[in-house]
Amino acid sequence: MQKQIIYLDHAATTYVKPEVFEAMKPYFTEEYGNPSSIYSIGRSNRKAVEDARISVAKSIGAAEPSEIYFTGSGTEADNWAIKGAALALHKKGKHIITSNIEHPAVLATCEFLQKQGYEITYIKVDNEGLVNPEDVDRAIRPDTILVTIMMANNEIGTIEPIKEIAQVCKKHGVLFHTDAVQAAGNIPINVKDLGVDLLSVSGHKFYGPKGIGMLYIRKGVRIENFIHGGHQERNKRAGTENVPGVVGFAKALELATINMEDHYKKLSSLRDKALKAITERIPNIHVNGSMEKRLPGNLNVSFRFVEGESVLLMLDMKGIKASSGSACTSGSLDPSHVLLSIGLPHEIAHGSLRMTFGEINTEEEVDYFIDALEEIITKLRNMSPLYEDFVKGV
Amino acid sequence: MYSEKVMDHFSNPRNVGEIENADGVGQVGNAKCGDIMKMYLKIEDGIIKDAKFKTFGCGAAVATSSMATELLIGKTIKEAEMISNKAVMEALDGLPPVKVHCSVLAEEAIAAALQDYKSKHGLAEDDYYEGCSGCCGGCGSHDLRREHLHDEEE
Ligand SMILES: Cc1ncc(COP(=O)(O)O)c(C=O)c1O
């Protein structure tokens, strides 16, 4: 990290850890064989992929490595799980249950299926951003074929009661998928303990490479194939394996699993420090999402009377990289669906800032960041007609 | 994504603030859509002596407000009425397509402030100008100036 930047956007993506990069390197250069070839540099690649599978199975507590399927991204894993279940089970029914705070990888896939004649029920989260498992219980019908609810939210970091939802699904004999892209590497994942049937992970959220993901498919669960072609991934996901990606994914997940406790402590302490300082120094804020059931590095705060993109641009000028759920940054006309789902009015959602801390961040960086943030919010509020009205008591 | 001019006007906005006893004040946009512009004018002998603004909004909203005040100062009322969103945009070396509505908002803030001046001075015309630009469509209450937006986006 030579450049003088303060990176507070680890939920968007992370850098690749040096150990991970080192593990990947040979598979770009000397070890370039195709894992499907029988000569030595093919076989060594086959071994690398299968060793990675064993390692990943261990990291997430899978019963067998054969339950692990590598994909091209977290998005692909989500698409495969949902469309694959829909195609495999359409004779049983066409009803799918999800939540209203899912990532677009899930929401847009559900919308697609809706156009194909499936029916989607969106479970509403409460004001803390949490799904109530009883709502899932009530929503399940005889024709329900899949429940898909994320393990942790990408914007507000809330951790959903996955184990309880899995029990509900099991009781009704309905498949359960969870998008664990944000959870992986931040909180422990044990698929057996959770009782999920399908679980998606992406490499670039825990200091692994981009463009590599994984779908866990519990043994005995049948979903339709999604990418057709050769016989890679036991005929279920065709395409020559991204060997360096697979190796990097497994290495990063292994490191994250070993370091979990330290990682959790470090990130939550930076996050709590930032929250405390913001609360003490900046009035008229709103903290978004449950602070108890939350990923360690996630903080999401709305600053009233200002707009998120302006905050981001000014932070960027000071070398600080963060994210917002305002309309201007979401690329649509509305602010983030997640913030609206937890009951924020539009004008407060427009002023949201997501800060996601990571392992490279330091306490000094948090201090610098808070100073900058206080100055920026003050400057923007002094420019804001909404703040003017507020001060004048209009 | 923004031009250097936009970033300059965003990071060092000109003429931020209020004018006490302004001769014309106009506010457009709404908080739900994520941008509000408020424009204050000081007008003497039919000439805009001073212009100030307050804006809640994104980088482009701040930059277009700032540029609008620069374009206004020194102009006659007639000239000021001719300032189009296009002129504001050109003065900023362009805007990304999704931000064109901010320049429309600037044009409307100018129009609203001039309208206020006229009505205060008994010069008002029939077509009373009102409020929101329909910039975002988010509140679903207007189709005003839609065609305007689309023209610019092509
Ligand atoms: C919750 C969640 N699901 C899915 C994805 C998509 O993963 P990928 O970027 O690997 O496609 C992301 C990443 O932004 C995410 O945060």
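Lettering of chains follows the sequences in order, A, B, ..., and the numbering in each one begins at 1. This structure is a prediction, so every number in the text was calculated from the model and none was measured.
Residue B:M39: no heavy atom, backbone or side chain, is found under 4.5 Å from chain A. Contact of B:A61 with chain A is not made at all, since no heavy-atom distance falls under 4.5 Å. Interface residue A:M383: backbone and side-chain heavy atoms are both found under 4.5 Å from chain B. Heavy atoms closer than 4.5 Å to chain A are found in both the backbone and the side chain of B:F10.
B:E107 and B:S84 are not linked by any side-chain donor-acceptor pair at a separation below 3.5 angstrom, with hydrogens and angles left out of the test.
By the 4.0 Å N-to-carboxylate-O rule, A:E280 lies close enough to A:K276 to be salt-bridged with it. Under 4.0 Å is where a charged nitrogen must lie from a carboxylate oxygen, and between A:E388 and A:K392 at least one such pair does. Here B:E81 does not pair with B:K75 in a salt bridge; the nearest charged N to carboxylate O distance is not below 4.0 Å.
A ring-ring contact (aromatic ring centres under 6.0 Å, His included) check over residues 371-394 of chain A, counting only residues at least two apart or in different chains, returns the pairs A:F305-A:Y387, A:F305-A:F390.
The greatest number of non-hydrogen atom pairs below 4.5 Å with chain A, out of B:A31, B:P13, B:C58, B:S11, is found for B:C58.
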